[in-house]
Every structure is written in structure tokens, then in C-alpha cells.
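Have a look at the structure below, then the notes.
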Amino acid sequence: FRPFEMQNAQIVSQGAEAKVYLATFVGRKAAVKERVVKGYRHPDLDTKITNQRMKQEVRTIARVSKLGVPTPNILFVDLERRTIVFDWIEGTSVKNWLESGSPNNSWFFPGFACLC
């Protein structure tokens, strides 16, 4: 059972740990984060590490959300397929926003401009 549509998904970002896709989940836009298999690791170890990291990511997002930090809703987690499905949020990624050096980003990190 896979409640999200990956056939027409568009890759949005790719890093060393995961690929992020824009996909459809139960008829609405969603971000699907798919953890990459590390071929250099023993398969059992890779699965164990990936599962631990995914569970920790979900717990961390839930914790900071309870503290009032705006986070995307977690819609679905599939450890076997190494995927987490989040609400899709329109806008700039945090990485791009921080790299932009926009004067508006210093409100979030006091003294940020001094660190650049």
C-alpha cells in the first residue's frame, strides 16, 4: 500500500542522505523524503542506521512543533521504503534562504550577518 503517487513526482532536492520529491498524497501536494541506500554499508547496518535516523527525525519534528516552532505536518512514515511524507509548503527552502544573505533573515538569527 502506497498512498502517495510517485510516478509523476518531481525531484526537488538531493543530498548525501536523501532525495526530496514533490508528489501527491491523498490528492494533495506533499513532500516525500526518501532516504538513500548506502551501498558501501552492510545492508543490515544500513537499514538499522536509516530507521534510527528516520525515527529520530520524526520525534524531533514532533517535539519542536509542540514547542511552537512552525513545522510541516508529518502525513505518513514508511520505514520499509525509507520515506517520510510531509505537507508541501510553498516557498524557499531554509538552505536557500540562509544562503541568500537576505537582510530579512537576521531577525531569525540575531548576529547572523556578523557570522557571514
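If you read the sequence from its start, that first residue is 1, and numbering goes on from there. Atom set for the values below is all heavy atoms of this structure, side chains included, hydrogens, waters and symmetry mates excluded.
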Partners meeting side-chain hydrogen bond (donor to acceptor under 3.5 Å, both in side chains) with Thr92 (sequence neighbours left out): none
Taking every non-hydrogen atom, the tightest pair across Asp87 and Pro72: O-CB, 3.8 Å
Verdict with reasoning, Glu17 to Arg53, per side chain to side chain contact (heavy atoms under 4.5 Å, CB included): CA-CA 10 Å; Glu17 295 293 323; Arg53 289 182 179 172; 3.3 Å; yes
Other residues, nucleotides, ligands: >12 heavy atoms within 6.0 Å of Glu80 CD: no
Residue pair Ile11 / Val20, side-chain heavy-atom distance below 4.5 Å: no
Set of side-chain hydrogen bond (donor to acceptor under 3.5 Å, both in side chains) partners for Gln14, sequence neighbours left out: none
With Glu90 via side chain to side chain contact (heavy atoms under 4.5 Å, CB included) - residues at least two apart: Lys29, Trp88
Pairing residues for Leu79 by the side chain to side chain contact (heavy atoms under 4.5 Å, CB included) criterion, not counting sequence neighbours: Asn51, Met54, Lys55, Val77
Linked, directly or transitively: Val36 and Val85 (ILVMFWY side chains, under 4.5 Å): no
Non-hydrogen side-chain atoms of Tyr21 and Gln10 separated by less than 4.5 Å: no
Between OG on residue Ser13 and CG on residue Leu22, distance to nearest 0.5 Å: 12.5 Å
Heavy atoms of other groups near Lys38 NZ, more than 12 under 6.0 Å: yes
Presence of salt bridge, Glu57 and Arg35, under 4.0 angstrom: yes
Interatomic spacing from OG1 in Thr50 to CD in Gln52 - rounded to 0.5 Å: 9.5 Å
Partner set under side chain to side chain contact (heavy atoms under 4.5 Å, CB included) for Leu45, not counting sequence neighbours: His42, Ile49
Cluster link Phe76 to Val32, ILVMFWY, side chain under 4.5 Å: yes
Donor-acceptor contact below 3.5 Å, side chain Asn73 vs main chain Leu75: no
Derivation and outcome, side chain to side chain contact (heavy atoms under 4.5 Å, CB included), residues Thr24 and Asn8: CA-CA 8 Å; Thr24 302; Asn8 297 321; over 6 Å; no
Quiz: residues 58-70 side-chain donor-acceptor pairs under 3.5 angstrom, not counting sequence neighbours:
residue	atom	partner	partner atom	Å
Arg59	NH2	Gln56	OE1	3.2
Thr60	OG1	Gln56	O	2.8
Thr60	OG1	Gln56	NE2	3.1

